[in-house]
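All figures in this text were calculated on a predicted structure; none of them were measured in a lab. Just so we're on the same page: letters track the sequence lines, and every chain starts at 1.
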Amino acid sequence: MKAVNGGVSPQAAAAAVGKPEKKMSLGRRFIKQWDFQLMIWPAMLFILVFSYGPMWGVLLAFKEYNIFAPFSESPWVGTLQFRMFFESPEFWDIMRNTFCIALLKLAIGFPAPIILALLLNEVGGWFKRVVQTVTYIPHFMSWVVISGMAFSMLSVDQGTVNDVLLFFHLIDEPINWLSKPDYFWGILVSLNVWKEIGFGSIVYLAAIVGIDPAMYEAASIDGASRFKQIFLITIPSIMPIMIIFLILGIGNTLNAGYEDILVLTKNMNNGIVMPVANVIDTYVYQMGVLNQRYSYATAAGVFKSVLSVTLLLVANGFARRFGKTSLW
Amino acid sequence: MKLTLGDKVLKTVVYVILLALAFVTFYPFWNSLVLSFNTGSDTSLGGVTFWPRDFTFENYGIVFKESGIYHAYLITILRTIIGTFLAMFFTAMFAYAMSKKGIVFKKTYMILAVITMFFNGGLIPYFIIVYNLHLYDTFMFLVLHGMINVYNMIIFRTFFMEMPDGLEESAKIDGCSNFGVFFRIVLPVSGPVIATLSLFTAVFLWNDWFIPAVFISNQELIPLQTLLVQIINTGATDNLIQNMNTFAQNMVENTVTVKALQMATMMVATLPILMIYPFLQKYFVKGVLVGSLKE
């Protein structure tokens with residue numbers, strides 16, 4: 001590897017002067033590589049303002065902030081906002097929804113792309129390519145469009161789902177799917193799987209393609225059926241990448257997104273399903289953006305961040321111990 | 001290789017499952033497309049599935065005549081183009097400098113950047129910062145949001161580090177400055193990685209409805225996806241209903257329904273991306289892999 005210090009002075013040149021690079025003061029090196037620093041600073045400035053700025057903003061959670069008055073003028077209230085959140089009547093509903101929805105998304109959304117990849121590996125040619133191309137499509141659609149399709153498919157009058165179920169006499173009358181709290185989690189998780197199953201399978205398919213074909217040949221000479229080969233060769237071979245993605249998934253469980261919930265509840269206006277649909281993120285949106293209770297919403301957000309970071313650390317700890325891998 | 005009976009059964013089952021999955025994935029989209037080309041009043045009778053029964057361009061005619069939608073479409077297109085360009089430009093430049101050896105404070109920059117992949121201040125503090133910077137309700141913010149994506153920076157950086165040294169050195173001998181090398185040598189040979197990351201960035205900007213919903217209140221600056229949420233949630237915008245009424249007066253009977261217009265708007269909002277993505281498929285498959293290996 002070459003050692004270009006800022007691309008300005010190759011080490012040979014520095015040695016000729018008889019003064020090794022390393023001896024140059026930090027400030028002089030900085031000035032000498034001003035052009036590279038200039039490439040970095042717009043981006044760093046952006047990160048400092050828009051990523052680190054909000055991190056200081058968590059102090060809002062300990063204040064009673066009013067957006068029309070300067071930050072310094074709003075009074076400190078200690079942990080009042082947190083206590084109000086913990087004691088609010090919806091707190092336990094929100095906690096249950098946050099964890100159950102996240103767990104369901106992980107429990108079904110994690111294995112689904114792996115199964116698809118295994119299935120795709122059993123077929124080939126144009127059929128495989130067509131299925132791949134089709135299943136990638138929903139990844140490129142916005143949740144808005146998907147909700148529009150879901151409302152159309154699940155509609156009470158002439159929705160396809162109701163029509164099909166009526167046709168096979170599985171139900172006696174059309175069901176208003178999106179207004180039944182019992183079905184909400186199921187619909188939410190199904191739509192998530194529907195959207196991401198194809199795209200998620202890309203990585204696993206690539207891992208499967210990388211498996212040495214000699215292993216399959218040896219197995220089939222020994223008389224192992226295709227079914228057995230899947231369990232004895234394919235799955236063990238892609239296990240490492242599965243573990244990495246599982247850890248990432250667990251670490252990000254609570255950040256699984258909430259656009260889906262917002263669009264399916266019509267921006268939280270569907271009061272019937274809200275008791276099962278409200279998660280911490282949507283609650284922050286509801287309290288902060290819709291009701292302008294900035295400090296209270298920030299407190300709820302900070303609480304979520306603490307949970308989320310804990311989860312990430314635990315997942316990474318497990319990875320280090322058992323998977324011999326780590327995110328950092 | 002001879003297939004046993006068990007293998008044949010397995011193969012058949014696999015084909016059936018995949019066919020069913022492809023159907024379930026494609027049908028909602030296809031049906032929406034069909035409904036967008038079907039007369040609204042006819043659709044409400046039910047039974048329109050794979051093919052329009054009463055074909056019409058009427059729905060699209062109204063959608064494109066509706067000034068609100070037209071305007072929102074323009075905002076979406078401008079946001080996607082300008083936003084993608086800015087993001088690619090500043091992220092690639094950042095990554096290029098970070099791929100060099102001996103950069104002062106490189107480690108500090110890297111740590112500061114990577115931390116933001118795992119921690120953030122949350123929606124409300126972000127909102128307050130944006131508000132206090134007077135970026136609330138500006139087009140500027142729509143293109144700035146998410147401009148520097150650390151994940152993309154790392155992918156760019158990996159790509160730049162794997163580039164052969166000879167390319168840059170010969171340019172430098174010819175008297176090119178570092179900026180010159182970046183613009184004239186490095187960027188032109190980075191086509192595939194730029195194509196992949198542009199696609200992801202452009203898809204995000206095109207599909208994003210949430211950020212404008214929170215940070216934009218001026219209806220003139222609302223992009224199409226956000227307008228679509230308003231249409232789906234409230235039935236239709238006032239403008240749209242008015243337009244429909246005037247349209248209805250011209251017709252003997254009212255054949256346009258809110259649902260038909262929703263479908264047409266949804267298609268207008270989705271089709272551009274769906275028409276582009278198959279051509280970029282081989283690039284983004286590669287991009288996904290590079291990204292996942294870096295984790």
Side-chain angles (χ1 to χ4, degrees), chain A residues 2-7 26 29-30 33 35-36 39-40 42-44 46-47 51 53-55 57-58 60 67 119 122-123 131 133-135 137-138 140-142 144-145 147-149 152-153 158 160 202-203 206 220 225-227 244 248 259 266-267 284-285 288-289 294 297-298 301 305 312, chain B residues 1 4 6-7 10-11 14-15 17-18 21-22 25-26 28 32 46 90 93-94 96-97 100-104 109 112-113 116 118 120-126 128-129 131 147-148 165 178-179 203 207 209-210 214 225 228-229 232-233 262 266 269-270 273-274 277-278 285 288-289 292 295:
Chain A
K2 60 170 185 168
V4 177
N5 182 5
L26 214 61
R29 269 167 63 204
F30 189 89
Q33 51 182 237
D35 42 2
F36 282 126
M39 292 183 187
I40 290 174
M44 276 321 286
F46 187 91
I47 289 175
S51 297
M55 287 193 204
V58 298
L60 289 177
I67 200 160
L119 293 178
E122 295 303 309
V123 300
V131 174
T133 305
V134 168
T135 51
I137 290 177
F140 293 91
M141 291 181 184
S142 71
V144 183
V145 171
S147 77
M149 290 180 188
S152 164
M153 289 288 125
Q158 276 85 42
T160 306
I202 293 179
V203 176
S220 69
S225 66
R226 282 302 294 173
F227 198 66
I244 289 179
L248 276 176
E259 280 185 35
K266 302 211 166 186
N267 214 12
V284 168
Y285 171 76
V289 178
Y294 298 111
T298 307
S305 297
L312 186 71
Chain B
M1 193 164 57
T4 65
D7 288 349
L10 179 74
K11 213 148 198 147
V14 167
Y15 270 97
I17 294 176
L18 287 179
L21 179 74
T25 308
F26 198 64
S32 303
F90 284 106
M93 209 162 69
F94 182 29
Y96 178 64
K100 291 293 163 204
K101 285 196 173 169
I103 298 294
V104 182
Y109 297 150
L112 281 174
T116 63
F118 297 102
N120 62 69
L123 179 66
I124 304 303
Y126 185 55
I128 309 265
I129 293 269
Y131 189 88
M147 186 178 84
I148 301 298
D165 295 338
N178 286 322
F179 274 102
V203 168
N207 280 341
W209 63 276
F210 181 70
V214 174
Q225 301 279 355
L228 188 55
V229 174
I232 290 175
N233 288 351
Q262 269 182 23
M266 271 160 52
T270 315
I273 285 188
L274 294 195
Y277 112 85
V285 168
V288 170
L289 294 180
S292 61
E295 277 156 7

[X] vs [Y] side-chain heavy atoms within contact, under 4.5 Å:
X: V229(B); Y: N267(A); value: no
X: Y285(A); Y: V214(B); value: yes
X: T25(B); Y: P138(A); value: yes
X: M44(A); Y: F94(B); value: yes
X: M141(A); Y: L274(B); value: yes

Straight-line distance of [X] [atom1] to [Y] [atom2], nearest 0.5 Å:
X: L60(A); Y: I124(B); atom1: CG; atom2: CD1; value: 9.0 Å
X: S225(A); Y: L10(B); atom1: OG; atom2: CG; value: 7.5 Å
X: I103(B); Y: F36(A); atom1: CD1; atom2: CZ; value: 5.5 Å
X: M266(B); Y: S142(A); atom1: CE; atom2: OG; value: 9.0 Å
X: N207(B); Y: E259(A); atom1: CG; atom2: CD; value: 9.0 Å
X: L21(B); Y: L119(A); atom1: CG; atom2: CG; value: 8.5 Å

Which atom names give the shortest non-hydrogen contact between [X] and [Y], and what distance separates them?
X: F90(B); Y: A43(A); value: O-CB, 4.4 Å
X: P54(A); Y: P125(B); value: O-CB, 3.3 Å
X: G148(A); Y: I232(B); value: CA-CD1, 3.8 Å
X: G121(B); Y: V58(A); value: O-CG1, 3.9 Å
X: G102(B); Y: R29(A); value: O-NH2, 3.7 Å
X: I47(A); Y: A113(B); value: CD1-CB, 4.1 Å

Engaged part of [X] at the chain B interface, taking heavy atoms whose separation is under 4.5 Å:
X: M153(A); result: side chain
X: S152(A); result: both
X: F227(A); result: both

Residue among T135(A), V289(A), V284(A), T133(A) with most heavy-atom pairs under 4.5 Å to chain B = T133(A)

Select one option (side chain, backbone, both, neither) describing which atoms of [X] are under 4.5 Å from chain A's heavy atoms.
X: V203(B); result: side chain
X: Y131(B); result: side chain
X: I129(B); result: side chain
X: I273(B); result: side chain
X: F210(B); result: side chain

Full working for side chain to side chain contact (heavy atoms under 4.5 Å, CB included) between F179(B) and M39(A) = CA-CA 9 Å; F179(B) 274 102; M39(A) 292 183 187; 3.8 Å; yes

query = Between V14(B), N120(B), I17(B), L18(B), which residue shows the highest count of heavy-atom pairs closer than 4.5 Å to chain A?
reply = L18(B)

